[in-house]
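Following: one structure in structure tokens, then a few remarks.
One-based numbering, in listed order, for ligands and for the atoms of each.
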Amino acid sequence: MKLFWRVKAGLLLTGLLTASLSQAQSNAGLPKPTPRQLAWQSLETTAFLHFTVNTYTDKEWGDGTESPQIFNPTKLDARQWIKSLKEAGFKLAIITAKHHDGFCLWPSKMTEHSVKNSPWKNGKGDVVKEVADACREFGLKFGVYLSPWDRHEARYGTAAYNDYYKAQLRELLTNYGPISEVWFDGAKGDNAKDMTYDFAGYWALVRELQPAAVMFSDAGPDVRWVGNEAGNAGETCWSTINTAGLAPGKADPKYLNRGDPTGKQWVPAETDVSIRPGWFYHAAEDSKVRSGKNLVDLYYQSVGRNSLLLLNVPPNREGLFAESDIASLSDFRRILDETFKTNLVARQPKLTDKQLATFTTVAANQPVTIDLTGEQSFDRISIQENIANGQRIASGRVEYWNGSDWRPIQSFTTVGYKRLLRFPAVKSSKLRLFITNANGPVELAEVGVYKASSGEEN
Ligand code: FUL
């Protein structure tokens with residue numbers, strides 16, 4: 001906190017001076033994303049596919065005693081999943097290759113507990129391959145979830161399990177083409193056997209075999225958990241944290257939710273949330289699927305708060321997305337497309353070109369005036385920083401010109417990759433933006449002003 005205050009005080013004292021700092025000076029010291037983290041953040045909407053024996057037992061956590069015989073998705077069509085996601089604007093899909101029950105959706109050489117002993121395709125099927133192929137066909141990136149906690153494998157609880165886990169990881173990372181994200185779940189039941197996971201070894205293997213992939217766990221190394229499964233990034237959300245002392249399954253959710261302005265590591269938050277109450281498909285939840293409008297709320301609460309949406313859509317027992325889920329996904333996309341179709345800001349080369357790399361350097365408390373394309377009614381604002389050089393904005397506010405006066409619209413805290421503001425519609429031809437507090441000179445990259453689709457009214 002102390003350091004933060006000092007930087008802030010410096011900014012206030014130097015005011016305009018910060019605007020003329022050279023790039024080299026302004027970049028000094030602050031954590032920045034790696035190219036793989038930057039690429040990941042720009043995906044915005046990504047999807048989770050939870051599918052395993054739980055789909056057939058109606059459970060959320062299997063206990064490892066399930067027979068592979070129960071896994072029989074007779075109409076499995078991964079193309080249907082990925083096509084639905086593509087049409088809804090999702091850019092990446094992560095499949096639960098192995099959940100806590102230990103059942104493998106691919107024919108792993110390491111175990112008999114897999115699709116190869118299921119009736120599906122007479123034991124010749126491979127769900128991981130079908131999803132990877134469909135992702136390639138429809139232009140989505142592909143990721144894998146491989147649960148460290150394994151309630152079936154006998155080696156679990158011994159050092160030999162780390163070799164088992166790494167061998168499975170190697171299969172997934174070498175046989176299915178490019179992998180963009182690897183998801184390390186920190187969950188473990190209270191009564192689980194003691195097990196010291198070799199996370200350093202797992203992570204080294206990912207870097208060796210798929211250097212472009214980001215790795216998720218509660219605390220990174222590349223992407224962190226947002227601290228809840230309700231779809232809520234912190235109203236204040238820094239992409240930086242201090243990872244010292246944190247480990248998968250052992251991090252304070254509140255800390256992860258907000259991040260840390262004094263954090264030394266760049267580990268942005270990923271908001272994982274399900275379209276249904278559970279992570280797996282349960283017929284009893286068919287009437288509880290989130291509506292498109294509700295998914296749009298999740299978008300504002302995640303992407304609009306400097307996070308990334310990882311929305312789970314679980315295939316059903318036949319191996320298909322349910323119609324209700326597909327309908328919500330397409331409503332979601334329709335509303336977002338309608339809202340963000342027309343940026344009402346009069347063209348400003350650096351602020352409306354959809355490029356983070358072209359930015360305007362802004363000093364604290366110096367207003368940035370934004371002209372609109374004439375008098376407009378609007379109720380949404382989007383602000384983006386050039387995070388390639390770090391995250392700076394700690395707070396700010398926007399005002400509109402009512403013909404004789406500047407009137408407040410809304411105050412906000414962090415911005416980072418993207419901050420979305422929602423407010424009752426106002427009519428004006430211009431607004432102004434103040435950065436009231438920052439961690440260093442601000443690189444303001446994009447500003448958008450929009451009128452929301454009638455499908456997502458406040
Ligand atoms: C949790 C797991 O225990 C849930 O089953 C689900 O996979 C969720 C995404 O992560 O830790």
Side-chain angles (χ1 to χ4, degrees), residues 40 45-66 71 81 85 90 92-105 127-128 131 142-153 156 165 168-169 172 181-193 195 197 199 202 214-220 222-233 246-254 256-257 269-282 285 288 290 295 298 301-302 307-316 325:
W40 169 87
T45 46
T46 63
F48 230 160
L49 299 162
H50 272 67
F51 193 43
T52 183
V53 287
N54 296 345
T55 312
Y56 299 87
T57 57
D58 234 350
K59 288 189 181 156
E60 279 291 304
W61 278 6
D63 63 12
T65 61
E66 299 81 7
F71 185 81
W81 313 350
L85 292 172
F90 287 79
L92 170 145
I94 301 175
I95 179 79
T96 53
K98 178 182 84 167
H99 203 252
H100 310 325
D101 52 77
F103 180 76
C104 299
L105 293 186
V127 181
V128 174
V131 178
F142 175 60
V144 290
Y145 167 115
L146 184 69
S147 172
W149 185 31
D150 186 325
R151 305 177 82 182
H152 177 84
E153 174 52 37
Y156 186 85
Y165 185 90
Q168 292 199 321
L169 201 50
L172 292 172
E181 181 162 350
V182 183
W183 224 85
F184 294 98
D185 196 326
K188 193 163 144 181
D190 290 340
N191 57 354
K193 280 187 216 164
M195 172 78 215
Y197 299 119
F199 277 110
Y202 307 166
V214 291
M215 289 183 258
F216 167 98
S217 89
D218 288 2
D222 302 313
V223 175
R224 74 176 194 263
W225 187 39
V226 78
N228 63 69
E229 293 178 341
N232 261 313
L246 303 184
K250 294 192 188 77
D252 173 7
K254 287 204 186 79
L256 298 178
N257 191 243
E270 179 182 83
T271 303
D272 61 320
V273 56
S274 186
I275 195 168
R276 287 161 170 261
W279 291 100
F280 289 91
Y281 176 87
H282 309 289
E285 294 179 352
K288 296 185 181 144
R290 290 176 186 272
L295 298 179
L298 294 182
Q301 289 162 206
S302 55
S307 182
L308 182 135
L309 178 62
L310 175 60
L311 180 72
N312 177 59
V313 187
N316 65 18
D325 304 47

Checklist entry - At a 4.0 Å threshold, what atoms of ligand 1 neighbour a non-hydrogen atom of E229? => result 1 (C), 8 (C), 10 (O)
Next on the checklist: Show the atoms of ligand 1 that are less than 4.0 angstrom away from any heavy atom in A187.
Outcome noted: 3 (O), 11 (O)
Checklist outcome for this item: re atom 10 (O) of ligand 1, the protein heavy-atom contact at minimum distance is D185 OD2, 2.9 Å
Next on the checklist: We want to know whether S147 and H99 form a side-chain donor-acceptor pair, criterion being a heavy-atom distance below 3.5 angstrom.
Outcome noted: no
Next on the checklist: Donor-acceptor pair, distance only, cut-off 3.5 Å: does the side chain of Q301 make one with the backbone of G231?
Outcome noted: yes
Checklist entry - Side-chain donor-acceptor pair under 3.5 Å between W225 and D272, yes or no? => result yes
Checklist entry - By number and element, which atoms of ligand 1 are closer than 4.0 Å to a non-hydrogen atom of Y145? => result 7 (O)
Next on the checklist: Checking the N or O distance criterion of under 3.5 Å, is ligand 1 in contact with W61?
Outcome noted: yes
Checklist entry - Where does the angle between the aromatic ring planes of F71 and Y56 fall among parallel (under 30°), tilted (30 to 60°) and perpendicular (over 60°)? => result perpendicular
Checklist entry - Of the backbone atoms (N, CA, C, O) and the side-chain heavy atoms from C-beta on, which set of D272 has a member under 4.0 Å from an atom of ligand 1: side chain, backbone, both, or neither? => result side chain
Checklist entry - Between the candidates H99, K59, E60, which shows the shortest non-hydrogen contact distance to atom 4 (C) of ligand 1? => result H99
Checklist entry - Which ligand 1 atoms does H50 reach within 4.0 Å, using its non-hydrogen atoms? => result 6 (C), 7 (O), 9 (C)
Next on the checklist: Less than 4.0 Å is my threshold; does some heavy atom of F48 fall inside it relative to ligand 1?
Outcome noted: yes
Item to check | Single hit among F48, F51, W61 for side chain to side chain contact (heavy atoms under 4.5 Å, CB included) with W279 | outcome: F48
Item to check | Atom indices of ligand 1, in the order listed, that fall short of 4.0 Å to a heavy atom of H100 | outcome: 2 (C), 3 (O)
Item to check | Enclosure of K288 NZ (heavy-atom neighbours >12, cutoff 6.0 Å) | outcome: no
Next on the checklist: Which label fits F184 and Y165: parallel for a plane angle under 30°, tilted from 30 to 60°, or perpendicular past 60°?
Outcome noted: tilted
Item to check | F280 heavy atom under 4.0 Å from ligand 1 | outcome: no
Checklist entry - Roughly how far, to the nearest 0.5 Å, is the CG atom of L246 from the OG atom of S217? => result 9.0 Å
